[in-house]
Amino acid sequence: MKRKLKREMHSIKDIRKDIDNFKNTIKNRNVDVDFDQILNLDEENRKLIQEKEKLEMEKKSISKSKDETLFEKSKEISKKIDDLSKNQKNVKDQLDQILSNIPNLPLNDVPIGKDENSNKEVVKSGEIKELSFKPKSHYEIGEKLNMLDFDLATKTTGSRFVFVKDKLASLERAISNFMIDTHVNNNGYTEISPPLMATDNTMFGTGQLPKFENDQFEIKFDDKNDRKFLIPTAEVILTNMVKNQILNLKSLPMRLVASTPCFRKEAGSYGKDTKGMIRQHQFYKVELVSIVENNKCIEELERMTSCATKILDDLKLPYRKIILSTGDMGFSAEKTYDIEVWLPSENKYREISSCSSCGTFQAKRMKARYKNNNNENEFVGTLNGSGLAVGRTLIAILENYQTEDGSITIPEKLRPYMNNMEKIGIN
RNA sequence: GGAGAGAUGGCUGAGCGGUUGAAAGCACCGGUCUUGAAAACCGGCAAAGGGGCAACUCUUUCCUGGGUUCGAAUCCCAGUCUCUCCGCCA
């Protein structure tokens, strides 16, 4: 069932009430928002609504009276209402357009800054092994094993794709299964195997549309009006499971996990990470999503992040956890932790997970609510995090577990998933 | 691809031109009873938006978009989705 709903990311009421707070906070997010125009449109909108409602009331009373002498007048009123409605709708559309492009407000403890340079390290964990030889990059290792084939992908599909073959394909699958099992068995998540496509409406709900359409792959489905996109992350489809719903308090928290391919255009990243499988148009990711009471977001974010880092602990991969600054956070987030894994060949940490609380931001877009203890409707809180990016975990294992002869030691936790194999070497 | 049926509140489900924002049941909230709970009984309970300090009040909404009418959940047209049957294919 498809409903057309008025959608806005921030409630205009909130903005009206606390305009200064919005102005100051949004400033830190690297976007320009014309708040004066918002207020003008809002005022105009409400003025038109009032005029319209006055006429509607009059018309209604005529039809109730069943007084035939007034019928003619009623027709005239209808015309006026039509004109006013069109006008009002127009104003409202303009307003919604602006509102739907405003990002979420960062929480107070998020460091203020305009890019990644203002991110702050929270913890560092795991031991970086000193290698007695010069570490090779994951693609050197993979190509030498003949188990990562980028040229083949270029031939069949194009750049930024890869064939993962043989034992590394098994390893990739093992990583994914190990992660899902851990989240299901130890962390209370429910496994979902979702559709990999989503409608435009769904993409709006989590914030990918309208602003980031250029990053998405649109599918030519059929000639009908509805648009479909390949999901850039399972967050989209998992979070939207509760869209347009009023949930029972008892059903919260909902914790969902899915391992899915993700599809991204990576527009604007030309020349960045062109070698290897760090940045691909398609990659596997194990995604965690939580739907919670909106006052539980912060504690859930900590919980979710620790579920993700636990995987790295288990795999004995060195990592650090950082908190993103206001300018580096995603559109829908109010607070984000990135987890970065150590890559010996680059001699630095690289992102392997991103865990965000979106507060009620996505819920407002999706109209996802629950009845609280007072029987009132409240918007849910939504969170999402990678637990973890599978492709990048594969990379991290290749690089951190490499040996001088070019073979890979398989992390102990993954061996049960690979027939107890201990290492992957050249055939 | 062919042939039918349907879409109503958190859910199930009545209504099929004029106090119908919508019966009934379930769920939920409050109360009585109970040592506590259950049961039973009583009461409340749609959403969005506008105005008001507030009590409150107004408007819109019965899949979506058009149309008929003074008046539409109810009639007409188009679209979307769902279900059943047949065919076809995994």
Side-chain angles (χ1 to χ4, degrees), chain A residues 1-18 38-100 193 195-205 219 221-228 237 240-254 291 293-294 360 363-380:
Chain A
M1 192 190 327
K2 214 156 127 191
R3 270 173 210 250
K4 199 168 184 182
L5 293 157
K6 286 286 171 198
R7 296 178 180 287
E8 52 189 48
M9 115 197 299
H10 291 293
S11 150
I12 182 68
K13 275 186 188 168
D14 295 343
I15 295 179
R16 208 187 294 144
K17 215 182 291 170
D18 201 2
I38 289 176
L39 291 183
N40 285 339
L41 286 169
D42 176 42
E43 204 170 313
E44 176 72 7
N45 179 236
R46 285 187 291 156
K47 200 185 91 192
L48 292 169
I49 286 172
Q50 285 174 49
E51 284 176 38
K52 190 178 77 170
E53 291 189 348
K54 214 170 130 192
L55 291 174
E56 277 166 342
M57 208 154 85
E58 196 178 343
K59 181 178 157 184
K60 208 170 173 177
S61 78
I62 291 176
S63 88
K64 259 189 184 167
S65 74
K66 301 184 197 172
D67 180 349
E68 288 187 32
T69 63
L70 295 170
F71 284 178
E72 219 24 62
K73 190 179 177 196
S74 180
K75 280 187 186 177
E76 284 166 32
I77 294 175
S78 292
K79 269 180 206 142
K80 281 190 205 162
I81 292 177
D82 271 0
D83 290 345
L84 272 172
S85 291
K86 268 179 204 151
N87 206 342
Q88 185 263 332
K89 208 179 151 207
N90 195 292
V91 172
K92 182 75 164 86
D93 282 350
Q94 286 181 52
L95 183 60
D96 283 347
Q97 232 237 265
I98 299 177
L99 292 178
S100 67
S193 176
L196 303 179
M197 295 183 200
T199 61
D200 50 353
N201 193 29
T202 298
M203 297 281 280
F204 180 94
I219 298 298
F221 205 75
D222 46 35
D223 296 15
K224 308 287 169 55
N225 311 326
D226 78 319
R227 306 174 69 193
K228 293 194 203 313
I237 201 87
N240 274 283
M241 284 168 70
V242 299
K243 114 173 139 176
N244 288 345
Q245 270 193 275
I246 300 181
L247 300 159
N248 196 308
L249 190 54
K250 278 184 231 156
S251 62
L252 301 178
M254 285 172 64
I291 312 291
E293 290 171 66
N294 57 36
T360 56
K364 284 174 181 163
R365 294 182 147 237
M366 294 188 297
K367 295 274 186 284
R369 292 154 293 173
Y370 65 99
K371 291 259 184 225
N372 69 13
N373 278 324
N374 294 326
N375 231 12
E376 299 159 337
N377 294 336
E378 285 195 54
F379 288 109
V380 298

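All chains are named by letter (A, B, ...) in the order of the sequence lines, taking the proteins before the strands, and each is independently numbered beginning at 1. For clarity, every value in this text was computed on a predicted model and none was experimentally measured.
When the side-chain nitrogen and oxygen atoms of R369(A) are compared with OP1 and OP2 of rA48(B), one or more of them lie within a distance under 4.0 Å.
A salt bridge does not link K89(A) with D93(A): every distance from a Lys NZ or Arg NE/NH1/NH2 to an Asp or Glu carboxylate oxygen is 4.0 Å or more. Between D42(A) and R46(A), at least one side-chain nitrogen of the basic residue sits less than 4.0 Å from a carboxylate oxygen of the acidic one, meeting the salt-bridge criterion.
The nearest whole Å value for the distance from the CD atom in Q88(A) to the C1' atom in rU60(B) is 11 Å. Between the CG atom of D82(A) and the P atom of rU59(B) there is a distance of 18 Å, given to the nearest Å.
Note on D67(A): nothing from the nucleic acid sits closer than 4.0 angstrom, heavy atoms only. K250(A) comes within 4.0 angstrom of the backbone, heavy atoms only, and of no base.
There is no side-chain donor-acceptor pair under 3.5 Å between S11(A) and K364(A).
Across residues 53-62 of chain A, E53(A), E56(A), M57(A), K59(A), K60(A) each have a non-hydrogen atom less than 4.0 Å from an atom of RNA chain B (numbered order). Residues from residues 71-80 of chain A placing a heavy atom under 4.0 Å of any atom in RNA chain B, listed by number, are F71(A), S74(A), K75(A).
Base pairing annotation: rG87(B) forms no Watson-Crick or G-U wobble pair, as no partner gives both donor-acceptor distances under 3.5 Å.
Here the nucleotide nearest the side chain of N375(A), chosen from rC28(B), rG10(B), rG18(B), is rC28(B).
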